[in-house]
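Keep in mind the model is a prediction, meaning the values are calculated, not measured.
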There are 2 protein chains.
Amino acid sequence: MVTIAEVARHAGVAASTVSYVLSGKRSISSDTRARVQRSVQALGYRPNASARALASQRANVLALVVPLRTGMHVPVMMQFATSVVTTARRFDHDVLLLTADEGPEGLERVAQSSLVDALVVMDVELHDERVPVLRELPMPSVLIGYPADADGLTCIDLDFVAAGAQCVDHLADLGHHSIALLGTPSAVYERQTGFAQRTLTGFVDAAGRRGVLGVETPCEHTFDAVLHTVEQLLRDHPGITGLVVQNEPIIGPLLDVLRRLGRRVPEDMSLVAICADDVAESQVPRLSSVTIPAEQIGLQAVESLITKLEGGSVPALTLLPPGLTARASSSQPTGHIGSP
Amino acid sequence: MVTIAEVARHAGVAASTVSYVLSGKRSISSDTRARVQRSVQALGYRPNASARALASQRANVLALVVPLRTGMHVPVMMQFATSVVTTARRFDHDVLLLTADEGPEGLERVAQSSLVDALVVMDVELHDERVPVLRELPMPSVLIGYPADADGLTCIDLDFVAAGAQCVDHLADLGHHSIALLGTPSAVYERQTGFAQRTLTGFVDAAGRRGVLGVETPCEHTFDAVLHTVEQLLRDHPGITGLVVQNEPIIGPLLDVLRRLGRRVPEDMSLVAICADDVAESQVPRLSSVTIPAEQIGLQAVESLITKLEGGSVPALTLLPPGLTARASSSQPTGHIGSP
DNA sequence: CTGAAAGCGCTAACAG
DNA sequence: CTGTTAGCGCTTTCAG
C-alpha cells in the first residue's frame, strides 16, 4: 500500500502538505495542490484508515445496533439500515453493524475502544438496559424509539400516538362508529416496546374524542390466531365496521380470514394498516395505510449524529408526523351512508 | 480513555508486558499476569482499536456487502447478515456494513484504506462487475453466489441445482407426472443472478431424468400476476398436479389464487416451496419446502474468511446441500393413487 | 504558504 | 520471563 510519505516524495513536498491538500484544512497554492493531486492519482493513494483514526481521534464510523427478534417488520428494519448507511456515506462515514444480542456490553466495547465515534440504536424499549449505558458513553448516540427515561438522550421515532389517532380519525370521518385495533402480539406489549403502546394510546384517546367505540386486541402471527381473534372480535362486537391493523405479518392472513367470514373489504369492513407502503400496495384491495417513514428516520438519525459530532445541538426528541394514504380498503360503512 | 501505558504503570510492568498478557503471544509468569489483569480490571482498560490496527496491520473488521434491490427475500438476507455478525464476533471480529450501490469502488475504498481485512459479498451475479475487483484486492473475500468466472475466488451458496432437482424428485416420488416451476420475476433471470437459473436447470434435468412433464414460468410479485400466471399455466397444461415455487413473496397470493380457482392443496395441487422455514410453517396448509440455509451460509462464509486470514486454504466452491422438509402441502395426486 | 517534528496508542522485534 | 525501542501512517502543532 502506498503511504503519504511516498506521495509527498513523488510530489516533492512534505507529508503534512499532502495531508492538508487532502483535508483542505489550510490554504495551499493552487500550484502545489495540483502537483499533489496528480501524485495522489498517479500512485493511487488511499489514506490508511487506522492511522488517520489514531492521529485524528476520529474513526469516521458509526455503530448501528439492530434488533434480532422483534415485533418490528424485517423489511422495514432493512430499509432503515439501508438509509443509515447511505446517509452516513454522504457524510463520509461508514457503519459498523452490531446486533442487539451483544447487549449493553457491546455498546461499551465499540465505544470505549474508539472503534466508532457515535451510535444509532434501534428498537429501544421502554425500560431498555442499554439506555443508562448510552447516557454514560463518551460519545453521542441517537435512539430509534422512546424509552421511559430519555433524559439527556436524543430520540427519534414515528409519532405513533398521532398514527393511532389518525387511523381513528380517518375511519370516523368516513362515518364508522365501531372500530377495533388489531395490534402486535401480546409479547410486544409486554416487552413494552413503546411503539405498540403509544399507538394504542392514540387509538383509545381519539376514539374517546370522536365518540366512537374503539376496542383493542393483540394478535399473534399465525393464521389460526388471526382467525380466532377476528371471530372473537366480531362475536363480542358485531357492530364493528372498521379495523386498524398494526401488525404487518398478519395482513395477508387477515384479508383471507375476512373473505372466509364473508366480509367484503371495504363494503362490509374498512381496513387501515400501519405498515410500509409497498406492503399496503401489494394487497388486494390496496390498503389505506399509515407509513412508517423508515428512510426518513434513518436520515434524521444520522444527520443528528453528525451534527452532534460537530458540536452542534439537536432536539432531544423528534417525532416524525405520520402520513395516511387513503386507498381502496376503506370507505363509508354500507348502510350507514349519510348517518351522522 | 485509559491507555496501555497507564495500565503498565499501575501494574508496575512494561507496556509490552501488558500487551502480551492481553494477546497471550508469549508466556507470562502467573504472578505478573494476575497483577496486570487486576490493573486492567481496576482501570477499565480497553485497547484502542485504531492503534491496535495500525500497529498490527489487522483491523479485525470484515466488510459485509448487502444487496439493495434484489429478488432475494429480505428476511432471509437479514438472517444471513445476522449470522455473519454473530459468527464474526465469535472470532473476535466486527462487521462493517456496505450496500451494493457503492459498487466496485466501495470495495476498493474499504480494502485499500485497510478499514477491513476481508470481505463477504452477497448476491453476486453471473457477470458481476465486482468480481474482477475482488480478484485484485490485497485481501481475502468470500462471495455468496456463484459468478460465471469464479477463478481464484471463494464462493459459497446453496446448491440450487440440487434444490430444483430435489423438488422434482419429491413430487415424482409421490406419483406426480406433470409439474411446473413458478419462478422468480423475469428480471431476476435477466440479471442472471445465478440462483434462479440454477434452480431451473436442476428442475428441468430432474424432470427429464424422472420422465415427468416439467414446465416453467417466471412470475412477478403482484397478486394479479400470480392469478394470471396460474390461470395461463392451468389452461396450457391442465394435467399439472404439482407446483414448485421459488418466489417467496407470492406464496400467500398463490395459496389464495388456488383457493379461488377451486384447487385444494394438496388434494388437487401439491406445492413445494423453496423458502425460509418460518415462511413455510406459517402458511395454511404448512408447506413442504426446501430451506435456504441462510444461517449456515453466513457461518461458513465467515469461517472461510478467518481461515484465509490465518493463512489456511479453503475450497474454491462450497455448495451447501439443500434439505427438503415434507409438510402438509404435498401428497399423492388424487385419482392417481397407485399409478406407476 | 510550506516544512519539520512530535505524537496518537499499540505491537513486535530485539536484547537481556 | 520481562523490558527497551522502533515503528505502524497519519494529523497537527510549531516554526519559518
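Nearest nucleotide to the side chain of B:Tyr20, out of D:dT11, C:dA12, C:dC1: C:dA12. Candidate nucleotides D:dC8, C:dG3, D:dT11 were compared by shortest atom distance to the side chain of A:Ala55, and D:dT11 ranks first. Comparing D:dT4, D:dT12, C:dC10 against the side chain of A:Lys25 picks out D:dT12 as the nearest. Relative to the side chain of B:Ser29, the nucleotides D:dC1, D:dC10, C:dC10 differ in distance, and D:dC1 lies closest. Considering only side-chain atoms of A:Thr17, the nucleotide from C:dT2, D:dC8, C:dC14 that sits closest is C:dT2. Nearest to the side chain of B:Arg26, among C:dC14, D:dG9, C:dT2, sits C:dC14. Side-chain proximity of B:Ala14 to the nucleotides D:dT4, C:dC10, D:dC8 is greatest for D:dT4. Considering only the side chain of B:Ile28, D:dT2 comes nearest among C:dC10, D:dC8, D:dT2.
Between A:Arg33 and A:Ala15, the residue anchored nearer the 5' end of DNA chain C, judged by the nucleotide with its closest heavy atom, is A:Arg33. Nearest-nucleotide positions on DNA chain D place B:Arg35 closer to the 5' end than the other of A:Ile4 and B:Arg35.
B:Ser23 comes within 4.0 angstrom of no nucleic acid atom, judged by non-hydrogen atoms across all strands. Within 4.0 Å of B:Thr32, counting heavy atoms only, lie sugar-phosphate atoms of the nucleic acid but no base atom. Among the heavy atoms of the strands lying under 4.0 Å from A:Ser16 is at least one base atom, whether or not backbone atoms are also near. Across all strands shown, A:Ser19 has heavy atoms under 4.0 Å from base atoms, whether or not it also approaches the sugar-phosphate.
Under the 4.0 Å criterion applied to side-chain N and carboxylate O atoms, B:Arg46 and A:Glu105 are assigned as salt-bridge partners.
Distance alone, capped at 3.5 Å, is enough to place a donor-acceptor pair between the A:Ser39 side chain and the A:Arg35 backbone.
Between the CZ atom of A:Arg52 and the P atom of D:dG9 there is a distance of 15 Å, given to the nearest Å.
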- Would you check, one step at a time, whether the test side chain to side chain donor-acceptor pair (under 3.5 Å) holds for B:Thr99 with B:Asp101? CA-CA 5 Å; B:Thr99 58; B:Asp101 66 345; 2.4 Å; yes
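Pairing each heavy atom of B:Pro104 with each of B:Val133, the nearest pair is CB-CG2, 3.6 Å.
Of the candidates B:Leu64, B:Ile292, B:Leu299, B:Leu64 is the only one forming a side-chain contact (heavy atoms from CB on, under 4.5 Å) with B:Phe80.
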